[in-house]
S.K.: 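Questions regarding the structure given below will be posed in turn.
Throughout, residue positions are numbered sequentially from 1 according to the sequence presented. Every value quoted in this text rests on a predicted model; they were computed, and no experiment measured them.
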Amino acid sequence: MIVDLNLRGDLVIIVGGGNEGLKKVNSLLTQECKILLISDSTNRQIQNYVKQKKISFKKMRLVNANFLKKYKPFMVLATTDDKALNRKIVEQAKSMRCYAYAADDPEASDFAFGSVINIADTVQIAISTGGRSPAMARKLKLQAEQIFKKVIKKEDIYHIKLQDFARKAAKYKIQTFSERKKFLYSVMNDNHVKQLIQDENLKKAQKRVMEMLDNLI
Ligand SMILES: C[C@@]1(CC(=O)O)C2=NC(=C\c3[nH]c(c(CCC(=O)O)c3CC(=O)O)Cc3[nH]c(c(CC(=O)O)c3CCC(=O)O)/C=C3\N/C(=C\2)[C@@H](CCC(=O)O)[C@]3(C)CC(=O)O)/[C@H]1CCC(=O)O
Ligand SMILES: NC(=O)c1ccc[n+]([C@@H]2O[C@H](COP(=O)([O-])OP(=O)(O)OC[C@H]3O[C@@H](n4cnc5c(N)ncnc54)[C@H](O)[C@@H]3O)[C@@H](O)[C@H]2O)c1
């Protein structure tokens, strides 16, 4: 099952600062969570993230998973190249009731990563082969990316941003679900809104939404 996790404000610990650790940091950076990376060495990109204060870093050579007890993480990702250590980290994380993952151990992990197409940080499309072939998941992503980037247009991204605005305003002002739904579709199909979005004028489109909302009441 593919789910879109809400990690906002949560602590995620990544152990291992190599290729896999970096991939996980990159997936988490847009999620507004706190990222702590623990490793005895790192690469240049990770060092840049530390300098930019996007992640916290502890340089440490681990022999077991006891260090985890000092923290209250929501999720723990073991990405070292030491299988026995990764397994110990997963076991410790599970005993602390957090979500656990090891890059080399899908059986022991609570979840797997999909191959994700990210469009304008607004739409995510995940492809999974359920562990059958990560290489094929990547290949299909690259193929599908070409298509989705044509299908999902700049206007659609603006419509999503406007819908986000409109549904927050509607929740506050319109009492019933069916009326809110009707209103949101009327915003999507309104010719004036469509024109403003064509003109990339989100501010005016938001003003138009508020007018439409006022006209309802
Ligand atoms: C999608 C992606 C997301 C990501 O990692 O963020 C991802 N793997 C990617 C690439 C990739 N990984 C590997 C190769 C080499 C070729 C190959 O093995 O096929 C390539 C291809 C390459 O690098 O070109 C090696 C590998 N992968 C796993 C193991 C452990 C094992 O199976 O035991 C080993 C070592 C095996 C060994 O030692 O031989 C396990 C998993 N990898 C998954 C996801 C989960 C299943 C997803 C699915 O099936 O759809 C799962 C189960 C758990 C997980 O890690 O989440 C990412 C594409 C990123 C992109 O989109 O660009
Ligand atoms: N899930 C996937 O898609 C996938 C893909 C490729 C590889 N892998 C697996 O992931 C694992 C990691 O791969 P990688 O390419 O990131 O390796 P890597 O060698 O680039 O990185 C390993 C990191 O772990 C750190 N580390 C190792 N032992 C440590 C210890 N005792 N204490 C602290 N830090 C320690 C190292 O300093 C290094 O930063 C491998 O076992 C590999 O089989 C998984």
S.K.: Roughly how far, to the nearest 0.5 Å, is the CZ atom of Phe165 from the CE atom of Met210?
M.R.: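 Interatomic distance, Met210 CE to Phe165 CZ, rounded to 0.5 Å: 5.0 Å.
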
S.K.: Could you go step by step and tell me if Ile119 and Gln124 meet the side chain to side chain contact (heavy atoms under 4.5 Å, CB included) rule?
M.R.: CA-CA 6 Å; Ile119 300 177; Gln124 268 87 41; over 6 Å; no

S.K.: Which atoms form the tightest heavy-atom contact between Gly17 and Ser39, and what is the distance?
M.R.: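 Residues Gly17 and Ser39, closest heavy atoms: N-OG, 2.9 Å.
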
S.K.: Are any of the side-chain heavy atoms of Lys141 and Ile125 separated by less than 4.5 Å?
M.R.: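 Lys141 does not reach Ile125 side chain to side chain.
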
S.K.: Take Met212 and Val193 through the side chain to side chain contact (heavy atoms under 4.5 Å, CB included) test and state the conclusion after the steps.
M.R.: CA-CA 10 Å; Met212 289 172 75; Val193 164; 4.3 Å; yes

S.K.: Do Met60 and Leu36 belong together in a cluster built from hydrophobic side chains that touch within less than 4.5 Å?
M.R.: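 Looking at the clustering, Leu36 is in the same group as Met60.
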
S.K.: Minimum heavy-atom separation for Ala108 to Val90, with atom names?
M.R.: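 That closest heavy-atom pairing would be O-CG1, 3.5 Å.
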
S.K.: Find out if a path of hydrophobic residues (ILVMFWY) with successive side-chain heavy-atom gaps under 4.5 Å connects Ile38 to Val12.
M.R.: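 Not linked; separate clusters.
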
S.K.: Assess whether a salt bridge exists between Glu155 and Lys194, defined as any Lys/Arg side-chain N lying under 4.0 Å from an Asp/Glu carboxylate O.
M.R.: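 A salt bridge is absent here (no side-chain N lies under 4.0 Å from a carboxylate O).
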
S.K.: With no hydrogens and no angle check, is any side-chain donor or acceptor of Asp156 less than 3.5 Å from a backbone partner on Tyr158?
M.R.: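 Not a single qualifying donor-acceptor pair exists.
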
S.K.: Within the structure provided, determine whether Lys69 and Gln92 are in side-chain contact (heavy-atom separation under 4.5 Å).
M.R.: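 When only atoms from C-beta onward are counted, Gln92 and Lys69 do touch, with a gap below 4.5 Å.
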
S.K.: Take atom CD of Gln52 as the centre, draw a 6.0 Å sphere, and report whether it contains more than 12 heavy atoms from other residues, nucleotides or ligands.
M.R.: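 Counting other residues, nucleotides and ligands, CD of Gln52 exceeds 12 neighbours.
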
S.K.: What do the steps show when you test Leu196 against Leu162 for side chain to side chain contact (heavy atoms under 4.5 Å, CB included), and what is the final call?
M.R.: CA-CA 11 Å; Leu196 290 167; Leu162 190 65; over 6 Å; no

S.K.: Taking all non-hydrogen atoms of both residues, which atom of Gly16 and which atom of Thr79 are closest, and how far apart?
M.R.: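 Minimum heavy-atom separation between Gly16 and Thr79: O-OG1, 3.0 Å.
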
S.K.: Give, for atom CD1 of Ile152 and atom CD1 of Ile117, the distance between the pair rounded to the nearest 0.5 Å.
M.R.: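 Going from the CD1 atom of Ile152 to the CD1 atom of Ile117 covers 8.5 Å.
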
S.K.: If you look at every heavy atom in Leu184 and Gln163, which pair is closest and at what distance?
M.R.: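 That closest heavy-atom pairing would be O-NE2, 3.0 Å.
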
S.K.: Find out if a path of hydrophobic residues (ILVMFWY) with successive side-chain heavy-atom gaps under 4.5 Å connects Val76 to Leu62.
M.R.: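 Hydrophobic grouping puts Val76 with Leu62.
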
S.K.: Does a side-chain heavy-atom distance below 4.5 Å link Leu7 with Glu32?
M.R.: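 Sidechains of Glu32 and Leu7: no contact.
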
S.K.: I'd like to know if Asp10 and Lys34 make a salt bridge, using a cut-off of under 4.0 Å between side-chain N and carboxylate O.
M.R.: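 Looking at Lys34 together with Asp10, the answer is no, because their closest N to O distance does not fall below 4.0 Å.
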
S.K.: Is there a path from Ile13 to Val25 through hydrophobic residues (I, L, V, M, F, W, Y) whose side chains come within less than 4.5 Å of each other?
M.R.: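 They do not share one cluster, since no chain of ILVMFWY contacts under 4.5 Å joins Ile13 to Val25.
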
S.K.: For the backbone of Ser133 and the side chain of Thr129, can you confirm whether one donor and one acceptor N or O come within less than 3.5 Å of each other?
M.R.: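 Side chain of Thr129 to backbone of Ser133, a donor-acceptor pair under 3.5 Å: yes, one is there.
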
S.K.: Is there a side-chain contact between Glu145 and Ile147, using heavy atoms and a 4.5 Å cut-off?
M.R.: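 They are not in side-chain contact.
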
S.K.: Check Glu91 with Lys88, please: is the shortest side-chain N to carboxylate O separation under 4.0 Å?
M.R.: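 So Lys88 does not pair with Glu91 through a salt bridge.
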
S.K.: Measuring from Leu77:CG to Ile14:CD1, what's the distance to the nearest 0.5 Å?
M.R.: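 Rounded to the nearest 0.5 Å, the CG-CD1 separation comes to 5.5 Å.
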
S.K.: Look up atom CD1 in Ile197 and atom NZ in Lys153, then write down how far apart they are to the nearest 0.5 Å.
M.R.: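 It comes to 14.0 Å.
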
S.K.: Taking side-chain contact (heavy atoms from CB on, under 4.5 Å) as the test, write out the residues that go with Asp121, two or more places apart.
M.R.: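 So Asp121 forms a side-chain contact (heavy atoms from CB on, under 4.5 Å) with Thr30, Asn118.
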
S.K.: With ring-ring contact (aromatic ring centres under 6.0 Å, His included) as the rule and sequence neighbours excluded, what pairs involving residues 54-113 come up?
M.R.: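 Pairs touching residues 54-113 that pass the test: Phe74-Tyr99, Tyr101-Phe111, Tyr101-Phe113, Phe111-Phe113.
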
S.K.: Looking at side-chain heavy atoms only, is the closest gap between Leu11 and Lys72 below 4.5 Å?
M.R.: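 A side-chain contact is absent here, since even the closest heavy-atom pair is not under 4.5 Å.
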
S.K.: What side-chain hydrogen bond (donor to acceptor under 3.5 Å, both in side chains) pairs are there with at least one residue in residues 107-116, not counting sequence neighbours?
M.R.: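 For residues 107-116, and leaving out neighbouring residues, there are no side-chain hydrogen bond (donor to acceptor under 3.5 Å, both in side chains) pairs at all.
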
S.K.: Distance check, rounded to the nearest 0.5 Å: Gln45 atom CD versus Asn26 atom CG?
M.R.: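 One finds 6.5 Å between CD of Gln45 and CG of Asn26.
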
S.K.: State, with a plain yes or no, whether a side-chain heavy atom of Lys24 is found less than 4.5 Å away from one of Ile35.
M.R.: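 No, too far: nothing below the 4.5 Å cut-off.
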
S.K.: Got a sec, which residues hit salt bridge (Lys or Arg N to Asp or Glu O under 4.0 Å) with Lys168, two or more places apart in sequence or on another chain?
M.R.: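 Listed in chain order: Asp164.
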
S.K.: So which atom in Asn43 and which in Gly18 form the shortest heavy-atom distance, rounded to 0.1 Å?
M.R.: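 Closest approach of Asn43 to Gly18, heavy atoms only: ND2-O, 3.7 Å.
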
S.K.: If you count every heavy atom of other residues, nucleotides or ligands that lies below 6.0 Å from Lys207 atom NZ, does the total exceed 12?
M.R.: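 At most 12 heavy atoms, drawn from other residues, nucleotides or ligands, come within 6.0 Å of this atom.
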
S.K.: Quick check: closest heavy atoms across Leu213 and Ala169, and the distance to 0.1 Å?
M.R.: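 For Leu213 versus Ala169, the nearest heavy atoms are CD2-CB, 3.7 Å.
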
S.K.: Do you reckon Val209 sits in the same ILVMFWY cluster as Ile174, going by side-chain contacts under 4.5 Å, direct or chained?
M.R.: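 Shared cluster, yes.
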
S.K.: Taking only residues at least two apart or on different chains, which pairs with a member in residues 176-188 satisfy side-chain hydrogen bond (donor to acceptor under 3.5 Å, both in side chains)?
M.R.: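 Every pair satisfying side-chain hydrogen bond (donor to acceptor under 3.5 Å, both in side chains) with a residue in residues 176-188: there are none.
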
S.K.: Surrounding CG of Asn66 (heavy atoms of other residues, nucleotides or ligands, distance under 6.0 Å), is the total greater than 12?
M.R.: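 Check passes, neighbour count above 12.
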
S.K.: Apply side chain to side chain contact (heavy atoms under 4.5 Å, CB included) to Val187 and Arg208, showing your working.
M.R.: CA-CA 9 Å; Val187 168; Arg208 169 74 184 146; over 6 Å; no

S.K.: Could you name each residue pair satisfying salt bridge (Lys or Arg N to Asp or Glu O under 4.0 Å) that touches residues 45-66, not counting sequence neighbours?
M.R.: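 Passing the test, one end in residues 45-66: Asp40-Arg61.
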
S.K.: For a quick check under 3.5 Å, do Gln195 and Asp199 share a side-chain donor-acceptor pair by atom type?
M.R.: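 Yes, because at least one side-chain N or O of Gln195 sits under 3.5 Å from a partner of the opposite role on Asp199.
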
S.K.: Could you grab the distance from atom NZ of Lys161 to atom CG of Leu202, nearest 0.5 Å is fine?
M.R.: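 Here the interatomic distance stands at 7.5 Å.
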
